[in-house]
Asks: 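I have a structure here, written as structure tokens, and I will follow up with some questions on it.
In each ligand, atom 1 is the first atom listed, and ligand 1 is the first ligand listed.
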Amino acid sequence: MAAHKLRLGVLGSGKGSNYRAIQDAIDRGELAAETAIVISDVESAGILDIARTRGIRAEFLPPGKFRTKLEPEAEARLVELLRETGVELVVLAGYMRMVKPPLLEAFPRRIINIHPSLLPAFPGLEAWRQALASGATKSGCTVHYVDAGMDTGEIIAQAEVPVLAGDTPETLHARIQVAEHELYPRVVGEFAARRAGG
Ligand code: GAR
């Protein structure tokens with residue numbers, strides 16, 4: 001019998017390069033996973049186009065009136081979409097809103113995020129810009145479980161990159177993203193392998 005494929009629900013607000021890296025690894029047959037649905041709070045987000053181009057269900061979820069979180073009705077709809085598509089692991093890939101209890105309680109220890117710094121350093125927005133401004137000589141990215149805090153959940157894995165003389169926020173973020181695109185598929189693959197094995 002074919003091994004179980006871990007069903008992913010991917011949430012993102014932006015261009016979706018981390019999702020693309022994960023989907024590329026799936027499409028190459030490297031991960032025992034499949035993307036059940038991609039959901040964005042931004043109608044024009046590139047992440048939705050990437051999913052649609054590959055024949056993956058992609059949904060825009062109108063977020064409501066708040067800037068940093070979903071309205072309760074939207075969060076309830078999000079949980080419903082993830083449940084009805086049989087999602088087992090929720091993968092935040094550039095999702096720029098806080099996750100609230102309805103979603104946290106529906107997927108305990110089954111929501112992961114990638115953040116562009118070596119947490120606990122530089123939580124929050126534009127972490128690469130914060131790293132550069134602080135004079136840090138190294139930065140990187142972190143995959144962590146999501147909890148109710150901002151980038152505070154238990155750390156699963158990290159990758160380091162150097163901060164180089166002459167870096168701009170853009171060059172540093174680009175270097176961090178190269179590391180993200182290697183780290184995130186690898187971590188998702190580890191979750192998938194555990195699911196397939198057990
Ligand atoms: C990534 O660098 C990710 O780490 C960051 O947003 C970018 C999304 O890029 N996420 C956060 O800052 C979350 N706090 P992508 O849309 O190309 O994957």
Asks: Going by distance only, is there an N or O of Ser17 that falls short of 3.5 Å from an N or O of ligand 1?
Replies: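 It does: an N or O of Ser17 is found under 3.5 Å from an N or O of ligand 1.
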Asks: Does His115, backbone or side chain, put an N or O under 3.5 Å from an N or O of ligand 1?
Replies: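 Yes, since at least one N or O of His115 sits under 3.5 Å from an N or O of ligand 1.
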Asks: Please determine whether salt bridge (charged side-chain N to carboxylate O under 4.0 Å, His left out) holds for the pair Arg7 and Glu88, giving the CA-CA distance in whole Å, both sets of side-chain angles, and the decisive distance to 0.1 Å.
Replies: CA-CA 5 Å; Arg7 287 181 68 78; Glu88 298 169 295; over 6 Å; no
Asks: Same cluster or not: Leu82 versus Tyr95, using hydrophobic residues (I, L, V, M, F, W, Y) connected whenever any side-chain heavy atoms lie under 4.5 Å apart?
Replies: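 Yes; tracing contacts between hydrophobic side chains, which count when under 4.5 Å, links both residues.
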Asks: Does any N/O atom on Gln177 come nearer than 3.5 Å to any N/O atom on ligand 1?
Replies: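 Min N/O separation from ligand 1 is below 3.5 Å for Gln177.
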Asks: Quick one: which ligand 1 atoms are inside 4.0 Å of a heavy atom on His173?
Replies: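 It comes down to these atoms of ligand 1: 2 (O).
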Asks: If you count the atoms of ligand 1 from 1 in the order shown, which ones are under 4.0 Å from a heavy atom of Gly16?
Replies: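 Heavy-atom distances to Gly16 below 4.0 Å select 15 (P), 16 (O), 17 (O), 18 (O).
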Asks: Within 45° of the six-membered ring axis of Phe107 and under 6.0 Å from that ring's centre, is NZ or CZ of Arg110 located there?
Replies: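 Pair Arg110/Phe107 does not count as cation-pi.
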Asks: Is it true that Glu190 and Arg186 have a side-chain N and a carboxylate O under 4.0 angstrom from each other?
Replies: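 Arg186 and Glu190: salt-bridged.
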Asks: Would the distance check show the side chain of His115 and the main-chain N or O of Phe122 forming a donor-acceptor pair, the cut-off being under 3.5 Å?
Replies: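 It does hold such a pair.
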Asks: Looking only at non-hydrogen atoms, which of Gly94, Pro116, Ala21 approaches atom 12 (O) of ligand 1 most closely?
Replies: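 Going through Gly94, Pro116, Ala21 one by one, Pro116 has the nearest heavy atom to atom 12 (O) of ligand 1.
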Asks: Of the choices Glu180, Lys15, Met98, Arg97, which has the non-hydrogen atom that lies closest to atom 4 (O) of ligand 1?
Replies: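 Selected option, by shortest heavy-atom distance: Glu180.
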Asks: Under the 3.5 angstrom rule, does the side chain of Gln130 hit a backbone N or O of Leu125 as a donor-acceptor pair?
Replies: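 Side chain of Gln130 to backbone of Leu125, a donor-acceptor pair under 3.5 Å: yes, one is there.
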